[in-house]
Amino acid sequence: MLKIYNTLARKTEEFQTLEPNLVKMYVCGVTVYNDAHVGHAMSALVFDIIRRYLEYRGYTVKHVMNYTDVDDKIINRAKQLKEDPLKLSQRYIEDYAKDLASLNVLPATSNPQVSKTMPLIIKFIEGLIEKGNAYAATNGDVYFSVTSDADYGRLSGRKLDDMQAGSRVEVEEAKTHPMDFALWKAAKEGEISWDSPWGHGRPGWHIECSAMNLAELGEQIDIHGGGNDLIFPHHENEIAQSECYSGKEFSRYWVHNGMLQLGGEKMSKSLGNIISIKEFLSKREADVMRMLVLNGTYRSPLLFNDDTLDAAQKNVERLKSALRPASASASGLNPESISAVASTAESAKANFIEAMDSDFNTAGAIAALFELSKIINNARDSGANDQQLKSAQGIFRELANVLGLKLEEKQGSADSDAFINLLIETRAEVRKQKLWALSDQIRDKLKELNVTIEDSKDGTTWRWG
RNA sequence: GGCGUCGUGGCCAAGUGGUAAGGCAAGGGUCUGCAAAAUCCUCAUCGCGGGUUCGAAUCUCGCCGACGCCUCCA
């Protein structure tokens, strides 16, 4: 039985879908005006892992991730670059999709964009006005009236009275309540805008997600995800809009990932402590980022530094070792040992599922993978042949794939491989003559070229990395 | 000031009532010409102080500390 921590209930609950075997999952994507950073990667990886596991458990997952392509920051950036804002955002949408693909994140089922959802957004706002939950102000903006929603604040646990509106931001005079938030913003001179019953303007940040949810998944969804920094005000406001509009419970489960920490602080643009996904991938492979996420708890802060990354990299290397072939001189394992391997492999798989069922306990799942890798490596060391390793390695690969780990050995070109093989052969001759200094020199020089040599009693193997 | 999360070995970290998973690092073996990889062994009583209980890292109270949100934010 799968259990998920629900931010709304503030506890772990049994997972039950609205429709049998179908999961409707909406995850807040990014505002596209700059390179995405590793904090975005964390969030994308968390929900990719959740999605993969749900599919592994037999669900069909409709996974929607939006792109916010109409926004102040985009408009400002476009001005700076003297570029059309929609062209700019489209550029970064394509860019982000590439980043995610290189992180081995499965593409979402759909990626709606604000700029392409305008008619529905306007209809949505009209509906809220009709129901008395929103009002058009004298300044051309349309605001949501928080006092019209008795439940407002129940996700973030805030009461209107407790919110010190205006303490950090100037309160817009046109609002009837300081906490009212914009559904529609009147266009300023020269800004990109859309026509509406309230004049030219563009949507506020929160309404887009409510509208895109409705367009892609309907009035009710199973899982709504995003970073925990979105709980308030973004998700709070989404709930208010969607539930006032439909009169139904919006999302059954609210799932939030913790923030990636760089130097003890949240990585964010305002703090300027940013590492882009591209920058990361120029130094480390995608599995390392994923392993970093897997080793922790998705809801907790994630420490991102050289120490945790080095450890994650070692973890990845170690898991890769389980997939290596049997030694050439393998004599085969006796039937008892083989059945012991098989039964331990099954128990590792059961541990894996038990951990993942428990609110996606990936750290526990990883432990099960290490357990399995140990069994496999032990069997290999004891002389198991490839045929005998096959079953356990199959389970291993299956589980690694659920987590989205590729565990690929690095590849070289056929040409370079041929040269390296030649060097290895030459070195074998040199070793026969016990010319150790020369032999070690070849090994060291190859290491500098990122080729690792391993000698064993039945010959020498090598690999990239 | 309000809301919330958290504090487990040198580091990352799992674990919500019965005597602490896993990984990294470290030390010691096996293997190796030497390495590397793999493997085996060693390595904590859970921030501090009370309480509940036969029994608590796990429940409760207090204190200390960290982090997030309350403004754009994954």
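A note on names: the letters A, B, ... follow the listed sequences, proteins ahead of strands, and every chain is numbered from 1.
Taking a pair to require two hydrogen-bonding distances under 3.5 Å in either a Watson-Crick or a G-U wobble arrangement, B:U45 remains unpaired. The pairing partner recorded for B:U71 is none, the criterion being a Watson-Crick or G-U wobble arrangement whose two distances lie under 3.5 angstrom. Using N1 to N3 plus N6-O4 or O6-N4 for Watson-Crick, or N1-O2 and O6-N3 for G-U wobble, each under 3.5 Å, B:G7 pairs with B:C64. A 3.5 Å limit on both hydrogen-bonding distances identifies no Watson-Crick or G-U partner for B:C34. The nucleotide B:U19 finds no pairing partner, because no Watson-Crick or G-U wobble arrangement with both distances shorter than 3.5 Å includes it.
Note that the CZ atom of A:Arg284 and the CG atom of A:Leu292 stand 9.5 Å from one another [nearest 0.5 Å].
OP1 or OP2 of B:C67 has not a single side-chain nitrogen or oxygen of A:Lys266 nearer than 4.0 Å. For the OP1/OP2 pair of B:A74 and a distance below 4.0 Å, the side-chain nitrogens and oxygens of A:Asn228 include no atom meeting the criterion. A sub-4.0 Å separation between OP1 or OP2 of B:C40 and a side-chain N or O of A:Lys374 is present. Between B:A38 and A:Arg380, no contact under 4.0 Å exists linking OP1 or OP2 to a side-chain N or O. Considering only side-chain N and O atoms, A:Arg443 lies nowhere under 4.0 angstrom from the phosphate OP1 or OP2 of B:A36.
Within the nucleic acid shown, A:Ile453 comes within 4.0 Å of at least one base atom, counting heavy atoms only.
Nearest approach of A:Met259 to A:Gly227, heavy atoms of both residues: CE-CA, 3.8 Å.
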